[in-house]
Amino acid sequence: TADKHALRNIKKYYQTTGNIAVPLVKAHTTLDAIVPFWHFPLYQQKTVAQGTSALFTGIPVPRFGHCIFTLDEIAFSFGQLVQKVKERPLVQDQAGMVQPASLEQP
(Lines give C-alpha, C1' and ligand atoms only; values in the text may rest on other atoms or scores of the structure.)
Protein backbone atom coordinates (compact mmCIF):
# COMPACT_ATOMS: atom_id res chain seq x y z
CA THR A 1 0.00 0.00 0.00
CA ALA A 2 1.29 3.44 -0.90
CA ASP A 3 2.12 5.97 1.79
CA LYS A 4 -0.82 8.38 2.27
CA HIS A 5 1.46 11.42 2.52
CA ALA A 6 3.16 10.43 -0.74
CA LEU A 7 -0.21 9.98 -2.46
CA ARG A 8 -1.32 13.47 -1.33
CA ASN A 9 1.89 14.99 -2.71
CA ILE A 10 1.49 13.17 -6.01
CA LYS A 11 -2.09 14.36 -6.34
CA LYS A 12 -1.14 17.94 -5.44
CA TYR A 13 2.15 18.35 -7.34
CA TYR A 14 2.53 15.67 -10.00
CA GLN A 15 -0.61 15.75 -12.10
CA THR A 16 -0.13 17.06 -15.61
CA THR A 17 -2.39 19.83 -16.86
CA GLY A 18 -1.52 20.20 -20.54
CA ASN A 19 -0.97 23.90 -19.91
CA ILE A 20 2.33 24.24 -21.77
CA ALA A 21 4.01 27.50 -22.72
CA VAL A 22 6.73 26.24 -25.06
CA PRO A 23 6.77 23.56 -27.77
CA LEU A 24 6.75 20.00 -26.48
CA VAL A 25 7.51 16.88 -28.52
CA LYS A 26 6.63 13.58 -26.87
CA ALA A 27 7.61 10.23 -28.33
CA HIS A 28 6.02 7.22 -26.67
CA THR A 29 6.30 3.51 -27.40
CA THR A 30 2.85 2.02 -27.90
CA LEU A 31 3.60 -1.16 -25.94
CA ASP A 32 5.33 0.45 -22.96
CA ALA A 33 4.78 -1.72 -19.88
CA ILE A 34 6.11 0.94 -17.46
CA VAL A 35 4.26 4.06 -18.62
CA PRO A 36 1.13 2.83 -20.42
CA PHE A 37 0.44 4.28 -23.84
CA TRP A 38 -3.01 5.50 -22.75
CA HIS A 39 -1.16 8.36 -21.03
CA PHE A 40 -0.25 9.67 -24.50
CA PRO A 41 -3.77 10.53 -25.79
CA LEU A 42 -4.83 11.60 -22.30
CA TYR A 43 -2.08 14.24 -22.23
CA GLN A 44 -2.91 15.27 -25.78
CA GLN A 45 -6.54 15.80 -24.70
CA LYS A 46 -5.33 17.95 -21.82
CA THR A 47 -3.49 20.24 -24.26
CA VAL A 48 -6.68 20.57 -26.31
CA ALA A 49 -8.66 21.47 -23.18
CA GLN A 50 -6.04 24.08 -22.22
CA GLY A 51 -5.84 25.55 -25.74
CA THR A 52 -2.16 24.62 -26.04
CA SER A 53 -2.42 21.75 -28.52
CA ALA A 54 -0.58 23.74 -31.22
CA LEU A 55 2.52 23.52 -29.02
CA PHE A 56 2.25 19.74 -28.59
CA THR A 57 3.56 17.16 -31.06
CA GLY A 58 2.98 13.53 -30.19
CA ILE A 59 4.93 10.75 -31.88
CA PRO A 60 3.62 7.24 -31.24
CA VAL A 61 6.31 4.61 -31.81
CA PRO A 62 4.88 1.12 -32.52
CA ARG A 63 7.21 -0.95 -30.36
CA PHE A 64 7.40 -2.88 -27.09
CA GLY A 65 9.51 -1.43 -24.29
CA HIS A 66 10.01 1.73 -22.29
CA CYS A 67 11.72 4.54 -24.21
CA ILE A 68 13.13 2.11 -26.79
CA PHE A 69 13.86 4.46 -29.67
CA THR A 70 16.24 4.20 -32.60
CA LEU A 71 18.78 6.93 -33.21
CA ASP A 72 16.77 8.00 -36.26
CA GLU A 73 13.60 8.32 -34.14
CA ILE A 74 15.45 10.37 -31.55
CA ALA A 75 16.94 12.63 -34.23
CA PHE A 76 13.53 13.01 -35.90
CA SER A 77 11.87 13.91 -32.58
CA PHE A 78 14.57 16.43 -31.75
CA GLY A 79 14.32 17.84 -35.26
CA GLN A 80 10.56 18.21 -34.81
CA LEU A 81 11.19 20.18 -31.64
CA VAL A 82 13.77 22.43 -33.28
CA GLN A 83 11.50 23.07 -36.24
CA LYS A 84 8.51 23.65 -33.98
CA VAL A 85 10.53 26.27 -32.13
CA LYS A 86 11.49 27.83 -35.46
CA GLU A 87 7.90 27.35 -36.73
CA ARG A 88 9.07 25.34 -39.72
CA PRO A 89 7.69 21.80 -39.86
CA LEU A 90 9.81 18.85 -40.96
CA VAL A 91 8.86 16.17 -43.44
CA GLN A 92 10.29 12.74 -43.98
CA ASP A 93 10.98 11.75 -47.58
CA GLN A 94 10.60 8.25 -49.03
CA ALA A 95 14.21 7.41 -48.18
CA GLY A 96 13.51 8.27 -44.53
CA MET A 97 15.56 11.46 -44.62
CA VAL A 98 14.26 14.36 -42.58
CA GLN A 99 14.23 17.79 -44.11
CA PRO A 100 12.41 21.11 -43.69
CA ALA A 101 9.05 21.26 -45.44
CA SER A 102 10.28 24.35 -47.25
CA LEU A 103 13.92 25.16 -47.88
CA GLU A 104 13.15 28.89 -48.08
CA GLN A 105 14.28 30.87 -45.05
CA PRO A 106 11.42 32.35 -43.01
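For the numbers below, each heavy atom of this structure counts, side chains included, while hydrogens, waters and symmetry mates do not.
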Just by distance, do the side chain of His28 and the backbone of Val35 share a donor-acceptor pair under 3.5 Å?
->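 Judged by distance alone, yes, a pair lies under 3.5 Å.
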
Sub-3.5 Å donor-acceptor pair from the side chain of Thr70 to the main-chain atoms of Glu73, do we have one?
->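 Such a contact is found between Thr70 side chain and Glu73 backbone.
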
Value rounded to 0.5 Å, distance of [atom1] in [X] from [atom2] in [Y]:
| X | Y | atom1 | atom2 | value |
| --- | --- | --- | --- | --- |
| Leu24 | Gln80 | CG | CD | 12.5 Å |
| Gln45 | Ser53 | CD | OG | 11.5 Å |
| Thr29 | Ile68 | OG1 | CD1 | 7.0 Å |
| Asn9 | Asp3 | CG | CG | 9.0 Å |
| Arg63 | Asp32 | CZ | CG | 12.0 Å |

Side chains of [X] and [Y]: does their closest heavy-atom pair fall under 4.5 Å?
| X | Y | result |
| --- | --- | --- |
| Lys26 | Thr47 | no |
| Arg8 | Lys4 | yes |
| Val61 | Phe69 | yes |
| Phe78 | Val82 | yes |
| Phe40 | Thr30 | no |
| Phe37 | Leu31 | no |
| Phe76 | Leu81 | no |

What do the steps show when you test Lys46 against Thr17 for side chain to side chain donor-acceptor pair (under 3.5 Å), and what is the final call?
-> CA-CA 6 Å; Lys46 288 180 178 185; Thr17 64; over 6 Å; no

Any chance the side chains of Thr57 and Lys84 put a donor and an acceptor closer than 3.5 Å?
->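 Present: a donor and an acceptor within the cut-off.
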
Between Ile59 and Ser77, which heavy-atom pair has the shortest distance, and what is it?
->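 Minimum heavy-atom separation between Ile59 and Ser77: CD1-OG, 3.5 Å.
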
What heavy-atom pair brings Ala21 and Leu55 nearest, and what distance separates the two atoms?
->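 That would be C-CD1, 3.7 Å.
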
Given the rule that I, L, V, M, F, W and Y join up when any side-chain heavy atoms are under 4.5 Å apart, are Ile74 and Val85 in one cluster?
->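 Yes, Ile74 connects to Val85 through the hydrophobic network.
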
